[in-house]
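What follows is a short report on a single structure.
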Amino acid sequence: MSYADTLFIQMCKDILEHGTDTRGEKVRPTWPDGQKAYTIKKFGVVNRYDLSKEFPAITLRKTYIKSAIDEILWIWQKKSNNVHDLNSHIWDEWADEDGSIGKAYGYQLGVKHQYKEGMMDQVDRVLYDLKENPYSRRIMTNLYVHEDLHEMNLYPCAYSMTFNVTDGRLNAVLNQRSQDVLAANNWNVVQYAALVYMFAQVSNLLPGELVHVIADAHIYDRHVPIIRELISRPTYPAPTVKLNPDVKNFYDFTVDDFIIENYVTGPQVTDIPIAI
């Protein structure tokens with residue numbers, strides 16, 4: 001069993017058994033048919049993944065690892081806010097007629113700021129510090145820029161990363177304000193695990209821990225039977241995920257530099273209804 005499976009199953013059971021039902025409350029999301037989308041939720045969920053032991057992909061169903069990595073490169077490497085730069089279509093419903101999602105995600109990472117060392121964007125600042133000041137306690141990023149929220153087509157869900165080097169290993173804390181557990185949980189975990197792998201390699205570090213903090217972890221009402229079936233499935237060992245060791249510059253990585261082996265999973269869950 002992948003340890004990611006263990007955490008996912010425990011989290012889902014905890015939400016279903018001890019969470020708070022929002023039915024009857026004033027909620028924003030709706031289903032495509034116009035019905036209000038209620039959830040069962042838990043506040044302050046924290047999951048820890050030791051990336052030195054295994055890559056945290058669940059095996060209950062397949063997570064499309066390379067598609068997840070393509071999206072994280074779209075945000076962190078291309079620093080794009082245009083869906084035409086992305087190979088999947090998961091952001092299409094939030095894009096305008098030109099493909100833009102507004103001043104969100106990659107846009108914020110590409111904005112340059114003045115530091116003592118000169119002008120840098122947030123990604124370049126992280127890469128600089130991991131090489132020059134690896135034991136700094138100030139290596140972090142933030143996408144939740146209040147002055148630009150009115151120009152974002154979707155407020156950032158995964159909004160902040162804090163990096164910390166301990167004993168030669170790169171650790172990271174991912175802060176997320178809200179998460180649709182069925183649709184997005186392992187997708188986000190895989191993405192940011194891959195980001196830690198890449199940052200560690202180009203900084204001559206080893207991957208350490210990924211700590212995932214979710215303020216509002218929720219299962220939508222129409223997802224409950226899907227989740228119950230999903231967490232009852234057999235599980236398998238975690239896949240082996242390796243990086244092309246020849247890549248030394250973060251901006252040179254492509255999805256093809258990830259080698260994924262022995263990824264055995266249960267059947268895919270299809271036609272998941274998405275609340276908007």
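- Residue Leu130 comes nearest to Ser203 through the heavy atom pair CB-OG, 3.4 Å, listed as atom of the first residue, atom of the second, then distance.
- By the side chain to side chain contact (heavy atoms under 4.5 Å, CB included) test, Ala238 is found to be paired with Ser2, Glu54, residues two or more places apart in sequence or in another chain being considered.
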Side chains of residues 226-235: which donor-acceptor partners sit under 3.5 Å, not counting sequence neighbours?
| residue | atom | partner | partner atom | Å |
| --- | --- | --- | --- | --- |
| Glu229 | OE1 | Arg233 | NE | 3.3 |
| Glu229 | OE1 | Arg233 | NH2 | 3.2 |
| Glu229 | OE2 | Arg233 | NE | 3.1 |
| Ser232 | OG | Glu229 | O | 2.6 |
| Arg233 | NH1 | Leu60 | O | 3.0 |
| Arg233 | NH1 | Pro267 | O | 2.5 |

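- Here the side chain of Gln77 pairs a donor or acceptor atom with the backbone of Phe250 at under 3.5 angstrom.
- Atom CZ of Arg23 sits about 5.0 Å away from atom CG of Asp221, to the nearest 0.5 Å.
- Listed by chain and number, the hydrophobic cluster partners of Val264 are Tyr236, where partners are ILVMFWY side chains within reach of under 4.5 Å, directly or through others.
- Counting heavy atoms of neighbouring residues, nucleotides and ligands inside a 6.0 Å radius, atom CG of Asp271 does not exceed 12 of them.
- To the nearest 0.5 Å, the span separating CH2 on Trp74 from CG on Asp85 amounts to 8.0 Å.
- Hydrophobic clustering of Ile, Leu, Val, Met, Phe, Trp and Tyr side chains at less than 4.5 Å, counting indirect connections, keeps Leu7 apart from Ile58.
- In this structure, Asn47 contributes its side chain and Val189 its backbone to no donor-acceptor pair below 3.5 Å.
- Considering OH of Tyr155 and NE2 of His150, their distance stands at 9.5 Å, rounded to 0.5 Å.
- For the salt bridge (Lys or Arg N to Asp or Glu O under 4.0 Å) test, no residue two or more places apart in sequence or in another chain qualifies with Asp92.
- Applying the salt bridge (charged side-chain N to carboxylate O under 4.0 Å, His left out) test to pairs two or more places apart or on separate chains, those with a residue in residues 146-167 are Lys103-Glu151.
- Among the candidates Ile15, Ile40, Leu182, Thr39, the single residue satisfying the side-chain contact (heavy atoms from CB on, under 4.5 Å) test with Val224 is Ile40.
- By the ring-ring contact (aromatic ring centres under 6.0 Å, His included) test, His146 is found to be paired with Tyr144, residues two or more places apart in sequence or in another chain being considered.
- The backbone N or O of Gly99 lies less than 3.5 Å from a partner atom in the side chain of Asp96, making a donor-acceptor pair.
- Of all heavy-atom pairs spanning Cys12 and Val181, the tightest one is SG-CG1, 3.8 Å.
- Between the side chain of Arg222 and the backbone N or O of Ala37, no donor-acceptor pair lies under 3.5 Å.
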> Could you walk me through whether Asp216 and Lys41 pass the salt bridge (Lys or Arg N to Asp or Glu O under 4.0 Å) check?
Replying inline: CA-CA 6 Å; Asp216 190 306; Lys41 61 179 250 183; 3.1 Å; yes
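- Atom CZ of Phe43 sits in a sparse spot, with 12 or fewer heavy atoms from other residues, nucleotides or ligands closer than 6.0 Å.
- Leu143 is linked by a side chain to side chain contact (heavy atoms under 4.5 Å, CB included) to Tyr105, Gln108, Leu109, Pro156, counting only residues two or more places apart in sequence or in another chain.
- For Leu243 against Tyr197, the heavy-atom pair with the smallest separation is CD1-O, 3.5 Å.
- Sorted by first and then second residue, the salt bridge (charged side-chain N to carboxylate O under 4.0 Å, His left out) pairs with a member in residues 188-213 read Arg48-Glu209; sequence neighbours excluded.
- Pairing each heavy atom of Val241 with each of Phe258, the nearest pair is CG1-CD2, 3.9 Å.
- For Phe199 and Phe163, the ring centers sit closer than 6.0 Å to each other.
- Checking Asp124 against Tyr251 by side-chain atom types alone, a donor-acceptor pair falls below 3.5 Å.
- Aromatic ring pairs are classed by plane angle as parallel below 30°, tilted from 30° to 60° and perpendicular above 60°; the pair Trp76 and Tyr192 is perpendicular.
- Heavy-atom neighbours of Lys42 NZ from other residues, nucleotides or ligands within 6.0 Å: above the threshold of 12.
- Gln179 places no side-chain N or O within 3.5 Å of a backbone atom of Cys157 that could act as its donor or acceptor partner.
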>> side chain to side chain contact (heavy atoms under 4.5 Å, CB included) for Lys66 and Asp256? Distances and angles first, verdict last.
In response: CA-CA 8 Å; Lys66 290 204 173 185; Asp256 293 331; 4.0 Å; yes
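- Considering all non-hydrogen atoms of both residues, Phe253 and Leu73 come closest at O-CD1, 4.1 Å.
- Proximity of Tyr159 to Thr141: side-chain heavy atoms (C-beta onward) are nowhere separated by under 4.5 Å.
- In this structure, the separation between CD1 on Ile214 and CG on Asn185 is 5.0 Å, given to the nearest 0.5 Å.
- Under the rule for a salt bridge (Lys or Arg N to Asp or Glu O under 4.0 Å), Glu93 has no partner lying at least two apart in sequence or in another chain.
- Tyr107 and Trp94 end up in different hydrophobic clusters when Ile, Leu, Val, Met, Phe, Trp and Tyr side chains are linked at under 4.5 Å.
- Here Tyr128 and Tyr115 keep their ring centres 6.0 angstrom or further from each other.
- One N or O on the side chain of Gln201 and one on the backbone of Asn244 form a donor-acceptor pair closer than 3.5 Å.
- Side-chain N or O atoms of Asn262 include none that pairs as donor or acceptor with a backbone N or O of Thr240 at under 3.5 Å.
- Distance alone, capped at 3.5 Å, is enough to place a donor-acceptor pair between the Arg169 side chain and the Pro207 backbone.
- When all heavy atoms of Leu154 and Ala104 are compared, the closest pair comes out as O-CB, 4.0 Å.
- Membership of the apolar cluster around Val46 extends to Val173, Val211, Val213, as traced through chained side-chain contacts below 4.5 Å between ILVMFWY residues.
- When only modelled atom types and interatomic distance are considered, His212 and Gln176 share a side-chain donor-acceptor pair under 3.5 Å.
- Side chain of Asn164 to backbone of Asn171: no donor-acceptor contact under 3.5 angstrom is found.
- Residue His113 places its NE2 atom among more than 12 non-hydrogen atoms of other residues, nucleotides or ligands, all under 6.0 Å distant.
- Sorted by first then second residue, the salt bridge (charged side-chain N to carboxylate O under 4.0 Å, His left out) pairs that include residues 126-142, not counting sequence neighbours, are Arg125-Asp129.
- Taken together through direct or relayed side-chain contacts under 4.5 Å among Ile, Leu, Val, Met, Phe, Trp and Tyr, Leu174 and Leu205 form part of one hydrophobic cluster.
- In the hydrophobic clustering, Ile259 connects to no other residue, as no ILVMFWY side-chain heavy atoms lie under 4.5 Å from its own.
- When ring centroids are compared, Tyr64 and Trp187 stay outside the 6.0 Å threshold.
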